[in-house]
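Each chain gets a letter, A, B and so on, in the order the sequences are listed, and its residues count up from 1.
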Number of protein chains: 2
Amino acid sequence: MTKAMNSKRKKATKVRRRLSANDREQQIVEEAIHFFAEGGFGGQTRELAQRLNITQPLLYRYFPTKQDLIERVFNEVYINRINPSWATLLRDRTRSLHDRLGDFYRHYSEATYRYEWIRLYMFSGLRGEILNRRYIRIVEDTLLMPICEEIRDYCGWPSVDEKPITELELEQVWVMHGGLFYYAVRKHIYHSEVSDDFPAVVSQVVTTVLEGLQSRMSKGKP
Amino acid sequence: MTKAMNSKRKKATKVRRRLSANDREQQIVEEAIHFFAEGGFGGQTRELAQRLNITQPLLYRYFPTKQDLIERVFNEVYINRINPSWATLLRDRTRSLHDRLGDFYRHYSEATYRYEWIRLYMFSGLRGEILNRRYIRIVEDTLLMPICEEIRDYCGWPSVDEKPITELELEQVWVMHGGLFYYAVRKHIYHSEVSDDFPAVVSQVVTTVLEGLQSRMSKGKP
DNA sequence: AATATTGTTTATCATATGCTAAATTAAATT
DNA sequence: AATTTAATTTAGCATATGATAAACAATATT
């Protein structure tokens, strides 16, 4: 029995060695995502290696420098995370704007309100990486601006062709968007207690904002 | 001329040495705030010393460990930053709730939407410091809950005595609060372009939220 | 002016940390 | 089975980094 266990354990301990280059690389990236998300990019390569059950120099076989690994992590987490179908969803005027926004934030939060995503994003921002500004630009152009336009339509305001979206209109949507994002910051960065019914929060907030904007409109505020 | 310049330069370089212990300590804390806010708590003590024009071991005369200095920075930045008069302001029902919230966020943002405050706060959160949760608790108890109560009154809902503030009501206010806070995150962490008229943003958001909530109420949603 | 006090620097230690070169060995190829 | 290929480890370099002890020197005290 002991023999069997030993051989089994041996296998369990050693069998994972000598992966194919592709598998090992992917494994490293995967673990690096968790690792850097937890402690930031100051984390030591030796500790990362330990978590992978490999030696530290092996990391350098796959990534020439730590910075290269970090950039790979960025790519893995942030590339192609914005689904183009979301913009389509938002513009679908056969549905109520309330439902569209609810659906959108359900999808959006599933993709981005994750422990790794949120934390790496904030670490990256504090580091002064270009990533965040680039991401914000995309969010603004492909998501928030369309939302502004749908709000225009919802409230019966002039179309974008007649009058471009103003800075304040965009900021209004940013506060909603940022407020919902901040829910994830409270949860994953501060480890604070938050409501466990995020869709309910979205629904309530969206209702309030839409009703509020519509009410402002009826009082003659474009 | 060269002589005069030399002696002058010498003076300029050396005259600031040998401060009183109190002055030196304060000077170190002050610089440490900027230093850690920029690069995080991983910043090297040697670099901090260089910026202070002192040698690195001198830091350890005033702070036994780096961690001690960091905690001192926390105290300096976060202790007594919440002005009790804000809660009073918020409860002053002789004024419109819109004006009260506008004033409150003017004061609150002046105190906390600062480069150092925001960044140290986020660095601290990512580090897992208790600071953030403690701060959040205070914000919730002394600011957001009162706001919830005022909203109840504003909308003509039952008082808190009759029915405690629900989780969703608090979350609604958190999204507004967090959304406004996120304005500062975009500015000071992502270095993104934001509207330079924050009071206008506040005014607009507050109007929308208040109108929206009131409108929901009139449709029978407490 | 001599002495005591204390703010500051010099020199240094121990460990951490990114990274490299060469040796080793598991797996693929012949 | 012998040989080649390539994944992995061992050993170690160079510099970074928090921290300490002792020497030094500006200021205060006598």
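Take B:Tyr62 and apply the ring-ring contact (aromatic ring centres under 6.0 Å, His included) test, not counting sequence neighbours, and it matches no residue. With sequence neighbours excluded, the residues that form a ring-ring contact (aromatic ring centres under 6.0 Å, His included) with A:Phe198 are A:Tyr113, A:Tyr183. For the side-chain contact (heavy atoms from CB on, under 4.5 Å) test, residues two or more places apart in sequence or in another chain that qualify with A:Ser195 are A:Asp197, A:Val201, B:Glu167, B:Glu171. With sequence neighbours excluded, the residues satisfying side-chain contact (heavy atoms from CB on, under 4.5 Å) with B:Arg100 are B:Leu89, B:Asp92, B:Arg93, B:Arg95, B:Leu97, B:Glu150.
In the set D:dA7, D:dT9, C:dT8, D:dA7 carries the atom at the smallest distance from any side-chain atom of A:Tyr62.
Atom P of nucleotide D:dA6 and atom CG of A:Leu58 are separated by 16 Å, given to the nearest angstrom. Rounded to a whole Å, the CG atom of A:Asn53 is 15 Å from the C1' atom of D:dA7. Taking atom CD of B:Gln27 as the reference point, atom C1' of C:dG7 lies 13 Å away to the nearest angstrom. Across the protein-nucleic acid pair, A:Gln50 atom CD and D:dT9 atom P stand 13 Å apart, rounded to whole Å. When the P atom of D:dA25 is taken as reference, atom CD1 of B:Ile54 falls 19 Å away, rounded to whole Å. In this structure, the CG atom of B:Asp23 is 16 Å from the C1' atom of D:dA26, given to the nearest Å. Regarding A:Leu48, its CG atom lies at a distance of 10 Å from the P atom of C:dG18, rounded to whole Å. Whole-Å rounding puts the A:Phe63 CZ to D:dA7 C1' distance at 15 Å.
Identified under the salt bridge (Lys or Arg N to Asp or Glu O under 4.0 Å) test for residues 109-126 of chain B, with sequence neighbours left out: none.
Close to C:dT8, at under 4.0 Å from its OP1 or OP2, lies a side-chain N or O of B:Arg24.
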Taking only N/O atoms, report every protein-nucleotides 19-25 of chain C pair under 3.5 Å with atom names and distance.
residue	atom	partner	partner atom	Å
C:dC19	OP2	A:Tyr60	OH	3.0
C:dC19	OP2	A:Lys66	N	2.7
C:dC19	N4	A:Arg46	NH2	3.3
C:dC19	N4	A:Gln56	OE1	2.4
C:dC19	N4	A:Gln56	NE2	3.3
C:dT25	O2	A:Arg18	NH2	2.7

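Ring-plane geometry between B:Tyr182 and B:Tyr190 is classed as perpendicular, the angle between the planes exceeding 60 degrees on a 0 to 90 degree scale with a lower cut at 30.
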